[in-house]
Amino acid sequence: VSIKIITEPSVYLLGKQVLVQDELTRFLEDHEFENWSTDSPSDSETLCEVAARTCYQSFKGGRNHADHLRHLLEVKHGSCVEHAVWNLLVTGVSRSLTHELIRHRAGTGYSQLSQRYVDESVAEYVCPDIIAEDPELHEIWLESLNQSHAAYVKLANKLNEKLIKKYRMQYLKSGAHGIMAIGNLDDLQPSGETKTAIRKEARQAARSVLPNATETKIFVTLNARAARHFVEQRGSKHAEPEIRKLANAILDVLAKDAPNLFGDYERIPLPDGTYEINTKYPKV
Ligand SMILES: Cc1cc2nc3c(=O)[nH]c(=O)nc-3n(C[C@H](O)[C@H](O)[C@H](O)COP(=O)(O)OP(=O)(O)OC[C@H]3O[C@@H](n4cnc5c(N)ncnc54)[C@H](O)[C@@H]3O)c2cc1C
């Protein structure tokens with residue numbers, strides 16, 4: 001089997017918010033705030049600004065957009081930044097990374113590739129940089145992956161065979177064949193839902209030998225407050241390097257859409273080639 005090795009995560013921005021401008025205009029007109037406008041760079045940020053101004057009905061002046069958002073971060077007016085939400089598809093990450101990622105609960109939603117339904121014999125694995133850069137370590141790593149991968153494929157096939165045999169015996173016992181001649185029982189193949197159920201049962205048991213390095217894909221929805229918390233915890237120098245890379249990649253994507261919600265972050269290069277993420281305004 002040729003093993004595909006991945007060392008960098010990919011983040012695809014699939015969704016972001018759209019402001020319903022007509023409704024905002026209607027609200028402003030209904031409340032005699034029609035002179036209010038904002039120089040916000042994105043709908044995500046506009047929604048947070050409007051949420052904050054709703055608290056004080058301050059649509060008649062005051063701070064400009066960038067200062068307003070910075071003030072929210074400074075005073076930790078956190079609920080206002082929950083109104084910006086993004087949908088990300090993350091690929092090229094290991095199962096050990098997603099185990100850590102999904103510990104972030106508040107303000108997040110996840111949908112992850114199922115190892116019960118999806119065949120894992122495609123052999124894609126995420127290699128930690130410290131192993132990838134050392135030929136000796138890399139060889140040991142590959143050897144171990146080849147073994148576990150071969151075991152997975154063998155187990156999945158054998159389990160599949162075992163379950164098909166069981167299905168044939170049940171079919172025989174059930175009398176579902178009626179008075180028809182059965183012929184060669186080995187030709188009897190499950191189809192439809194039964195076939196899917198057998199594959200699922202085989203894969204869910206065989207996956208027990210798959211390593212933490214197995215590549216996975218996860219759909220992540222998160223709001224700006226949750227994203228900030230994630231970026232700070234997992235961009236820390238104490239975090240694991242793979243998830244630190246993901247924190248940096250997510251920060252890149254979100255800061256493009258919402259520069260004022262993520263513009264306070266500084267990145268400091270670390271000896272392992274990744275970047276630590278720091279801010280003056282932690283845990284908003
Ligand atoms: C460097 C590092 C090492 C770690 N090591 C381990 C480890 O060895 N073992 C381990 O099990 N975990 C470990 N973790 C995971 C850690 O304990 C958290 O589960 C994870 O970082 C998610 O953080 P959170 O709970 O603050 O985030 P979220 O779930 O996103 O919550 C955000 C914030 O909301 C509030 N909140 C959320 N849920 C509740 C609640 N139920 N009650 C009260 N307040 C709540 C808290 O203020 C919380 O910080 C580690 C994390 C890091 C960054």
Side-chain angles (χ1 to χ4, degrees), residues 5-13 16 41-42 44-45 48 66-67 69-78 80-82 84-108 110 125-134 137-138 141 212-213 215-218 220-284:
I5 297 164
I6 299 165
T7 53
E8 295 296 325
S10 298
V11 178
Y12 303 87
L13 175 63
K16 56 183 181 176
S42 65
S44 308
E45 287 198 3
C48 294
D67 290 345
L69 260 57
R70 178 59 62 107
H71 182 68
L72 294 180
L73 303 180
E74 264 169 21
V75 299
K76 301 193 190 294
H77 199 344
C80 299
V81 302
E82 288 174 17
V85 178
W86 295 271
N87 312 104
L88 308 172
L89 182 48
V90 175
T91 69
V93 292
S94 67
R95 291 282 292 196
S96 48
L97 180 146
T98 55
H99 185 77
E100 293 183 355
L101 173 63
I102 61 164
R103 299 296 302 279
H104 293 269
R105 304 150 291 170
T108 59
Y110 304 101
Y125 296 98
V126 179
C127 188
D129 289 341
I130 194 167
I131 294 178
E133 68 202 17
D134 182 316
L137 295 176
H138 196 236
W141 185 80
N212 270 338
E215 191 263 356
T216 185
K217 296 169 178 52
I218 188 163
V220 183
T221 294
L222 77 183
N223 68 47
R225 192 180 195 182
R228 287 185 58 92
H229 184 60
F230 167 75
V231 156
E232 287 159 29
Q233 278 207 324
R234 303 303 178 170
S236 146
K237 63 175 177 238
H238 304 293
E240 209 266 355
E242 188 193 357
I243 203 165
R244 189 160 52 243
K245 282 195 214 171
L246 179 66
N248 273 280
I250 288 182
L251 178 56
D252 288 343
V253 169
L254 301 191
K256 248 185 225 157
D257 185 48
N260 297 298
L261 285 174
F262 297 96
D264 52 311
Y265 288 116
E266 286 177 1
R267 302 196 220 210
I268 298 145
L270 292 172
D272 66 5
T274 63
Y275 289 85
E276 177 172 33
I277 301 171
N278 277 335
T279 176
K280 277 193 286 188
Y281 313 119
K283 203 156 195 239
V284 166

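By convention here, the first residue in the shown sequence is residue 1. In this text, all values refer to a predicted model and were calculated from it rather than measured experimentally.
Taking both residues in full, the closest heavy atoms of D134 and I130 are given as CB-O, 3.9 Å, listed atom of the first, atom of the second, then distance. Of all heavy-atom pairs between A258 and S42, the closest is CA-OG, 4.3 Å. Annotation for V126 and G92: closest pair CG2-O, 3.7 Å, computed over non-hydrogen atoms. Among all heavy-atom pairs drawn from A247 and V231, the shortest one is O-CG2, 3.9 Å. Nearest heavy-atom pair across T7 and C127 is CG2-O, 3.7 Å. Residues A84 and S44 come closest through the heavy atom pair CB-O, 3.7 Å.
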For this session: Would you check, one step at a time, whether the test side chain to side chain contact (heavy atoms under 4.5 Å, CB included) holds for N278 with I268?
Result: CA-CA 8 Å; N278 277 335; I268 298 145; 2.9 Å; yes
Exercise. Under the side chain to side chain contact (heavy atoms under 4.5 Å, CB included) criterion, do E215 and T91 qualify, and how do the steps go?
Worked result: CA-CA 8 Å; E215 191 263 356; T91 69; 4.0 Å; yes
For this session: Begin with the C-alpha distance, continue with both residues' side-chain angles, and end with the deciding distance and a verdict on side chain to side chain contact (heavy atoms under 4.5 Å, CB included) for D264 and R228.
Result: CA-CA 10 Å; D264 52 311; R228 287 185 58 92; 2.8 Å; yes
Exercise. Do D272 and D129 pass the side chain to side chain contact (heavy atoms under 4.5 Å, CB included) test, and can you show the C-alpha distance, the side-chain angles, and the key distance before you say yes or no?
Worked result: CA-CA 8 Å; D272 66 5; D129 289 341; over 6 Å; no
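Between T274 and the choices R244, R267, E242, the side-chain hydrogen bond (donor to acceptor under 3.5 Å, both in side chains) rule is met once, by R244. Of the options E8, E276, E240, a salt bridge (charged side-chain N to carboxylate O under 4.0 Å, His left out) to K245 is made by E8 and by none of the others. Just one residue in the list N260, V284, T279 forms a side chain to side chain contact (heavy atoms under 4.5 Å, CB included) with L73, and that residue is V284.
By the 4.5 Å heavy-atom criterion applied to side chains, V93 and T216 are counted as neighbours. Counting heavy atoms from C-beta outward, V11 and L246 have side chains that approach closer than 4.5 Å.
Under the salt bridge (Lys or Arg N to Asp or Glu O under 4.0 Å) criterion, the residue pairs touching residues 93-102 are E100-R234, with sequence neighbours excluded. The ring pair (Phe, Tyr, Trp, His ring centres under 6.0 Å) analysis of residues 230-266, with sequence neighbours excluded, yields the pairs W86-F262, H104-F230.
Other residues, nucleotides and ligands contribute at most 12 non-hydrogen atoms within 6.0 Å of the NZ atom of K256. Sparse packing is recorded around NZ of K237, with 12 or fewer heavy atoms of other residues, nucleotides or ligands lying under 6.0 Å away. Other residues, nucleotides and ligands contribute over 12 non-hydrogen atoms within 6.0 Å of the NE2 atom of H138.
Annotation: the span from I277 atom CD1 to E232 atom CD amounts to 9.0 Å, rounded to 0.5 Å. We find the CD1-OG distance between I243 and S236 to be 11.0 Å, quoted to the nearest 0.5 Å. Taking CG of L72 as the start and SG of C48 as the end, the distance is 8.0 Å to the nearest 0.5 Å. Note: T108 OG1 to L222 CG = 7.5 Å, rounded to the nearest 0.5 Å. Distance check: E266 CD to Y275 OH gives 14.0 Å after rounding to the nearest 0.5 Å. Of the inter-residue distances, the one linking E45 atom CD with D257 atom CG reads 7.5 Å to the nearest 0.5 angstrom.
Between the T98 side chain and the L101 main chain, no donor and acceptor come within less than 3.5 Å of each other. With hydrogens and angles disregarded, no donor-acceptor distance shorter than 3.5 Å links the side chain of K76 to the backbone of Y281. Using a distance-only test at 3.5 Å, with no hydrogens or angles considered, no donor-acceptor pair links the side chain of E82 to the main chain of G107. Checking side-chain atoms of R225 against main-chain N and O of A106 turns up no donor-acceptor pair under 3.5 Å.
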